[in-house]
Every structure is written in C-alpha cells, then in structure tokens.
Protein chains: 2
Amino acid sequence: MASLHEVARRANVSIATVSRVLNKSDKVLPQTRAAVEQALRELNYHPNRVARRLRMKAGRTQLVGLIIPDFQNPFYAEIARGVEDVAYANDYALLLCNSDENPAKERFYLNVLCAEAVDGIVLPPFDERNVEVNDVIKSGIPVVCVDRSLAKVPTDLVEVDNYRGAFEAVTHLIEKGHRRIGLIEGRPHISTNRERRRGYLDAHVAAGLTAPDDLMRAGDLRMESGRAVTAELITLPNPPTALFVGNNLMAVGALAALRQHGRRVPQDVAVVGFDDLPWAEALDPPLTTVRQPAYDVGRQAMELLLKRIAEPDRPPVTVRLMPQLVVRRSS
Amino acid sequence: MASLHEVARRANVSIATVSRVLNKSDKVLPQTRAAVEQALRELNYHPNRVARRLRMKAGRTQLVGLIIPDFQNPFYAEIARGVEDVAYANDYALLLCNSDENPAKERFYLNVLCAEAVDGIVLPPFDERNVEVNDVIKSGIPVVCVDRSLAKVPTDLVEVDNYRGAFEAVTHLIEKGHRRIGLIEGRPHISTNRERRRGYLDAHVAAGLTAPDDLMRAGDLRMESGRAVTAELITLPNPPTALFVGNNLMAVGALAALRQHGRRVPQDVAVVGFDDLPWAEALDPPLTTVRQPAYDVGRQAMELLLKRIAEPDRPPVTVRLMPQLVVRRSS
DNA sequence: TTGTACGCGTTATCAC
DNA sequence: GTGATAACGCGTACAA
C-alpha cells in the first residue's frame with residue numbers, strides 16, 4: 001500500500017524519478033536507479049492500478065471485460081478460460097460479467113466496463129441489433145464479438161460455422177434413416193440460432209425432404225427447458241424419431257426427459273446436441289454432439305482484442321472456426 | 001463519457017452541486033436539482049468509477065473480487081453464481097479471477113485486487129497457512145473465506161461440514177457391504193480435504209473396521225486425474241470394491257475408467273463422489289454424490305462480505321452449511 | 001444553498 | 001538526469 005511519494009522520500013528522489021524507474025525509461029543514473037529499486041523492495045511497492053487507469057489514455061490499463069451469458073454453461077466457461085489464459089499471459093486482468101441473457105444485466109455490466117475504463121471488451125452480443133453494444137463501440141472502446149455477430153456494425157469477430165455444424169448433424173440423422181427430426185432451438189434473434197436453423201432446414205432440402213414444421217420448438221437454453229420441450233414433443237400424436245437440440249444443457253435435459261418417459265436412446269429417439277460437454281462421453285448414453293472449439297474461440301478473441309488495443313485502426317477481422325460432429329451412442 | 005464538468009457547465013452550476021445531486025444529498029434547491037438532472041440526462045452522464053474509487057475511502061467502490069480455483073468446475077461456478085447474484089442485487093460488480101490452484105496466479109490476482117482497491121474479496125484460500133492472503137487481511141481489505149478455511153487468522157467463513165459429508169458417504173458404502181473402499185482425495189494441505197479424509201477414516205472406525213491404507217490416493221481434482229488414479233486402483237492385485245472420490249470431476253473420470261476397464265458400476269465397483277453435478281442424474285450410471293449447497297455458500301459469503309464492508313469491526317462469523325448424501329445408482 | 005479548492009496516486013511535460 | 005507540477009474525474013471540507 002506504499003505510494004510513489006513514500007518510495008521517493010525513502011530514496012531521496014522525486015516521484016518523477018521513481019516513475020521513470022518503474023516505467024523502464026533509461027534516462028536515469030545506475031546509482032539512482034539502484035537506490036530507487038531498493039526503496040521499492042523495502043516498501044514492497046505495488047502501483048495503484050486505479051490511479052494509473054485514471055491517468056492513462058485508453059489502451060494501457062491492463063484490464064479487459066468479458067461479458068458472457070452464463071458462466072455455469074460449460075461452453076461459455078470454456079470460452080472464458082481461453083480468454084483468461086491469454087489475458088493472464090499478457091498481465092491482463094479480467095472483469096468477468098454474467099449477463100444471464102438479460103438485457104438489463106448486459107446494460108448494467110456494459111456501463112460498469114465503460115465506467116471502469118477497460119481497455120477492451122469481449123462478448124457475445126445479446127442480439128444482432130444490440131443498441132447498447134453499438135453505443136459502446138461508437139464510444140471507441142475496442143470490442144471483439146465471439147460466438148454471435150452484430151448485424152450492422154463491423155467488429156472483430158470470432159465465430160463458429162454454425163450452419164455447417166447443424167447441416168452435418170441433421171444430415172447424419174437423415175442418413176441414419178430418420179424422417180421426423182425435431183428441432184429444439186434457442187432464442188430466435190441470435191445469429192447462431194438462425195444459422196443452426198438454416199442448417200437444419202437445408203439438410204432436409206439437400207436430402208430431398210421437407211422439414212417437419214410441427215416439430216420445431218424454442219427453449220431457453222437451460223437444462224430444464226430441454227426437458228420440458230422434449231416431453232412435449234415426444235407425447236405428440238405423431239412424435240419425432242430424432243431430436244436435434246440447439247445447445248448442450250438442453251440436450252442433457254432431453255436425455256433426462258426421454259429416460260423419464262421410458263424411451264430408449266437411440267432406438268426410440270436419437271439425440272444430437274450442439275456444443276460438446278467435457279463429460280458427454282460419460283452420459284447415458286454417450287451424447288453425440290457438434291463440438292465447438294470454444295477454448296480457441298476465447299483464445300483467439302483475446303488475441304484479436306490485444307491486437308486491436310495495440311493498433312486501434314486496423315480493419316476488423318473475422319475468424320471463422322469449424323465445428324466437428326462427434327458421433328457417440330445417442331444417435 | 002461526459003464528465004462532471006461538462007454537466008456542470010450545461011446546467012450552469014458548479015461541479016459540487018452536480019455531485020450533490022448525484023449523491024442524493026438533499027441540500028439542493030428543487031429547481032437547481034431539476035436543471036442538473038436534465039443536463040445529466042441530455043449528456044447521458046455516467047460516473048467514472050475509476051475516479052470515484054481513487055477518491056473514495058475503502059468500502060464504497062462497488063467492486064469486489066472473487067478468486068476461485070477453476071470456474072470450469074461446476075462446484076465453483078455455482079459458488080460464483082451465488083456471489084454474483086447477491087453482488088448484482090447490490091449494484092456491485094465482480095472482478096472474477098481463476099487461480100487454477102496455482103500459487104503464482106493467486107498471488108498475481110491478489111495483487112490486482114488490492115491494486116484495484118476493491119471493497120472486499122471472497123476466496124477459498126489456496127492452503128491453510130496462506131501467507132499472501134494473510135498479508136491482504138492485515139492490510140485491512142475485508143476477506144471472506146469460502147469452502148476452505150485459514151489456519152491462523154480468524155476471518156468470516158462460509159464452510160460445509162465436509163467431515164460429516166464424508167462420514168455419511170463412507171458409512172453408506174460400508175452398509176452396502178463394502179470392506180475395501182478406496183479413497184481418491186485432493187491436495188493434502190487443504191482443510192476440506194483433511195476433513196473428508198477424517199470422515200473416511202472415522203466411518204471405518206465407527207463400523208469397527210480399519211481403513212485399507214493401500215487404497216488411498218491423491219489426484220489433482222480434474223477429470224483426467226480421476227481416470228488415471230482409478231485405473232491404477234482397480235488393476236491392483238487386491239482391488240477396491242468401492243470408491244469414495246474427493247470431488248465431482250474426478251468422480252466422472254472414475255466412472256470413465258471403470259467403463260473403459262469393463263467394470264460394472266455398482267456391481268463390481270461402487271462409486272460415491274463429493275460435490276454434486278447438475279447432470280449427475282444423467283450420467284451412466286446416475287452418480288451418488290455428497291451434495292454441497294454451493295449456491296448458498298456463495299450467496300452467504302457475499303452477504304457476509306457486504307456486512308463486513310458496512311461494519312468493518314464486527315467479530316468474524318463462521319457459517320457452517322450441511323451437505324447431503326444423494327444416493328443414486330452408482331452405489 | 002452553492003461554489004472554490006484540495007487531494008486521491010499516477011503519468012507526462014516541462015524546466016533546470 | 002532530475003525535479004517540480006499539471007492533469008485525470010471525482011467527493012467533500014470549508015468558505016461564501
């Protein structure tokens with residue numbers, strides 16, 4: 001908790017000199033430097049990041065923000081981990097915010113991040129025409145979008161080819177002989193969801209089929225909602241023989257509902273989920289999923305952010321990563 | 001990004017008056033207040049939290065730190081969720097740090113939190129005699145420990161009765177007829193681990209048995225390590241008929257190893273894990289666990305922290321929560 | 001009731 | 001090479 005002043009006093013120099021030593025400016029005599037460094041050690045000095053941020057122009061505050069919808073979802077936790085690893089490796093701290101798919105929370109945290117003068121923000125935008133985020137971008141704070149994109153404003157973006165992931169997953173089910181494939185999707189106004197739906201539909205078209213429009217439902221991405229929607233679908237007069245589920249947690253819920261209703265997986269109903277899970281292999285039955293490279297998404301997003309912080313005027317970049325269908329025993 | 005000055009100029013008042021309006025001080029004429037509030041709105045003013053923190057004495061910065069070992073572990077994620085919910089409800093933002101059970105990272109983040117002048121810190125200490133944390137406490141920043149305790153220094157603490165949880169879990173296995181019960185524990189110098197080991201041993205004693213000392217192993221709390229240690233144990237000449245596994249991820253790893261080696265659960269080897277999982281029910285087989293009230297741990301910790309921030313001199317409190325054995329099909 | 005002025009701990013721009 | 005000193009944006013004694 002020692003300040004520059006105290007260090008300066010102890011070393012019999014001015015605070016300016018101490019600051020110079022700290023910031024590796026070489027315009028200081030070796031002997032002065034030695035004296036200062038000793039005082040620094042003796043007082044166990046650590047710079048006050050708050051004062052530093054107040055003084056600094058943007059871009060050197062060693063703090064970035066990450067807003068994710070739900071850090072209890074392993075997919076987002078893995079993204080966060082990728083971001084954190086790169087941040088830590090670059091001496092950056094992370095202000096991690098949980099938006100809960102709640103616009104009010106997203107707004108609150110966006111405000112906090114701006115008011116904290118972070119160097120930059122990583123986030124999957126709540127929806128495609130996100131006014132709040134657009135304002136932040138306009139204000140000049142570097143923003144990197146992950147997972148989902150923004151409709152109007154060009155930003156750095158790390159995304160996964162959701163269309164292709166969905167297309168392959170549904171094609172896989174069709175090849176297994178399924179003709180009544182249910183879709184449990186997430187919120188409609190998110191780019192990823194739209195892409196997955198498009199993949200679902202196109203896979204049918206490509207196989208010369210028409211998608212069963214009585215079997216499409218939306219959930220809220222949580223386990224419980226996967227369970228509820230599945231229960232609804234399988235008790236239909238003309239139920240699906242397979243389910244393509246729009247995220248990991250809902251897929252686990254679907255498995256639970258099927259077990260509860262005595263349906264065998266995959267014999268009665270096959271299931272393919274989106275987003276892999278670390279324990280997908282350990283589920284009953286092991287879950288077939290479209291695996292997204294979430295860690296890489298986070299890693300590359302943070303790297304992009306660091307580049308943009310260093311060079312604010314470079315043109316926005318889009319990194320597109322490929323998902324991978326991992327066939328296990330649920331399909 | 002408007003500052004107090006700009007608002008003041010627009011409203012034809014001094015910055016002091018604007019500040020008073022913002023801080024709800026009532027010593028301001030209604031008409032002045034109205035003018036200021038209009039300017040505030042027109043400029044879309046948001047206070048700069050950095051400047052505010054620099055000026056403020058501790059305790060009113062609306063920022064707290066949370067250091068957890070691994071936010072990819074659902075147990076810690078749930079704690080974090082409890083903390084976050086209470087923080088958000090009180091307009092606090094959370095500086096969330098992932099220490100990775102790595103002392104260097106813990107030190108780094110502890111420094112960051114101090115240098116960021118947070119109002120307080122919630123954390124499970126890396127080990128019982130944690131020098132770094134003790135220094136922080138001495139420096140006066142309120143600290144609430146969760147899950148694990150500190151040996152020497154009294155702090156607010158929210159813990160779970162790990163002894164009892166382990167005792168009940170192992171007793172359950174003994175009652176099922178098991179006599180060769182393996183223990184896969186975590187790091188030795190953590191209070192929770194010691195308590196669980198004690199529960200494991202005492203359960204044997206209480207049943208008039210001696211714990212098999214050739215069946216105790218330590219893992220690193222991650223899935224892969226649970227898999228490896230289990231593989232080692234079950235290929236012993238005289239293998240265990242049951243496993244008590246010290247955390248959730250290692251238990252999933254244990255299940256994987258058993259499946260891989262063709263052991264049936266629970267017929268060949270029964271498994272009980274510590275820490276519940278949201279999808280424990282969906283595993284193959286559904287995993288018997290000692291469920292910890294992780295969300296409540298986080299919630300109460302943050303509430304304790306808020307109380308201490310408001311009243312720094314109150315005597316430290318320990319909240320002890322009860323775990324619950326959830327018997328599923330793996331035992 | 002309102003305004004002036006100081007200080008929080010830095011960094012950066014001047015002089016010397 | 002080094003030392004004053006002016007910001008950064010805010011809250012608050014103190015003066016008016």
Side-chain angles (χ1 to χ4, degrees), chain A residues 1-37 39-40 43-63 111-112 114-119 139-140, chain B residues 1-37 39-40 43-63 111-112 114-119 139-140:
Chain A
M1 299 289 111
S3 76
L4 268 192
H5 281 95
E6 306 175 49
V7 176
R9 189 142 38 89
R10 189 178 193 96
N12 279 319
V13 296
S14 72
I15 60 166
T17 302
V18 180
S19 182
R20 269 190 281 266
V21 170
L22 287 169
N23 297 314
K24 314 275 179 228
S25 160
D26 11 23
K27 308 230 176 191
V28 43
L29 280 183
Q31 61 212 43
T32 320
R33 151 159 289 145
V36 170
E37 279 171 346
L40 249 19
L43 291 172
N44 188 28
Y45 172 83
H46 289 280
N48 181 322
R49 293 172 58 109
V50 182
R52 164 179 258 260
R53 277 230 296 296
L54 183 59
R55 188 60 178 76
M56 288 297 218
K57 296 286 155 236
R60 299 170 51 192
T61 73
Q62 308 290 84
L63 182 69
N111 268 331
V112 169
C114 292
E116 287 288 351
V118 295
D119 281 350
S139 85
Chain B
M1 302 295 110
S3 76
L4 269 192
H5 281 95
E6 306 175 49
V7 176
R9 189 142 37 89
R10 188 177 193 98
N12 278 320
V13 295
S14 73
I15 61 166
T17 302
V18 180
S19 181
R20 271 190 279 265
V21 170
L22 287 169
N23 298 312
K24 312 276 180 226
S25 160
D26 7 26
K27 309 233 176 190
V28 45
L29 281 182
Q31 62 213 41
T32 321
R33 153 159 288 145
V36 170
E37 279 171 346
L40 248 20
L43 291 171
N44 187 29
Y45 173 83
H46 289 280
N48 180 322
R49 292 172 59 107
V50 181
R52 182 195 201 99
R53 276 228 297 296
L54 185 57
R55 182 63 177 75
M56 289 297 215
K57 296 285 155 237
R60 301 171 53 192
T61 73
Q62 307 292 85
L63 183 68
N111 267 332
V112 168
C114 292
E116 287 289 352
V118 295
D119 281 350
S139 86

Taken in chain and number order and not counting sequence neighbours, the residues that satisfy side chain to side chain contact (heavy atoms under 4.5 Å, CB included) with B/R33 are B/V21, B/V28, B/E37
What does B/V50 touch in the nucleic acid at a heavy-atom separation under 4.0 angstrom: a base, only the sugar-phosphate, or nothing? nothing
Rounding to the nearest 10°, end axes of the helix from C/dT1-D/dA16 to C/dC16-D/dG1 built from five pairs each make an angle of 50°
Rounded to whole Å, NE2 of B/H46 lies from C1' of D/dC10 at a distance of 16 Å
Side chain to side chain contact (heavy atoms under 4.5 Å, CB included) filter on B/N44, not counting sequence neighbours, yields B/H46
**Asked** Under the side chain to side chain contact (heavy atoms under 4.5 Å, CB included) criterion, do B/L54 and B/V50 qualify, and how do the steps go?
**Response** CA-CA 6 Å; B/L54 185 57; B/V50 181; 5.8 Å; no
A/P47 meets the side chain to side chain contact (heavy atoms under 4.5 Å, CB included) criterion, sequence neighbours left out, with A/Y45
Which part of the nucleic acid, if any, lies within reach of B/H5 when heavy atoms closer than 4.0 Å are counted: base, sugar-phosphate only, or nothing?
nothing
Whole-Å distance, B/Q62 CD to D/dC10 P, equals 15 Å
Enumerate all atom pairs, one protein N or O and one N or O from nucleotides 11-13 of chain D, separated by less than 3.5 Å.
from: D/dG11; atom 1: OP1; to: B/R52; atom 2: NH1; distance (Å): 3.1
from: D/dG11; atom 1: OP2; to: B/S19; atom 2: OG; distance (Å): 3.3
from: D/dG11; atom 1: N2; to: B/R55; atom 2: NE; distance (Å): 3.4
from: D/dG11; atom 1: N2; to: B/R55; atom 2: NH2; distance (Å): 2.9
from: D/dG11; atom 1: N3; to: B/R55; atom 2: NE; distance (Å): 3.0
from: D/dG11; atom 1: N3; to: B/R55; atom 2: NH2; distance (Å): 3.1
from: D/dT12; atom 1: OP1; to: B/R60; atom 2: NH1; distance (Å): 3.1
from: D/dT12; atom 1: O4'; to: B/R55; atom 2: NH2; distance (Å): 3.4

dist B/D119:CG -> B/Q62:CD (nearest 0.5 Å) comes out at 7.0 Å
Applying side chain to side chain donor-acceptor pair (under 3.5 Å) to B/E116 and not counting sequence neighbours gives A/R49, A/R53, B/R53
**Study point:** Within-4.5 Å side-chain heavy-atom neighbours: A/V18 and A/L40
**Key:** yes
Residues 4-13 of chain B vs side chain to side chain donor-acceptor pair (under 3.5 Å), sequence neighbours excluded, gives B/R10-B/E42
What residues 28-35 of chain B contributes to the DNA chain C interface at heavy-atom separation below 4.0 Å is B/V28, B/L29, B/T32
Sorted by chain and number, sequence neighbours left out, side chain to side chain donor-acceptor pair (under 3.5 Å) with B/N48 holds for none
_CA sep, side-chain torsions, deciding dist, call: A/V118, A/V112, side chain to side chain contact (heavy atoms under 4.5 Å, CB included)_ = CA-CA 9 Å; A/V118 295; A/V112 169; over 6 Å; no
Nt span of DNA chain C in reach of chain B heavy atoms at under 4.0 Å, 5' end first, is C/dT1 to C/dG9
Sorted by chain and number, sequence neighbours left out, side chain to side chain contact (heavy atoms under 4.5 Å, CB included) with B/A35 holds for none
The side chain to side chain donor-acceptor pair (under 3.5 Å) partners of B/S19 (sequence neighbours excluded) come to B/N23
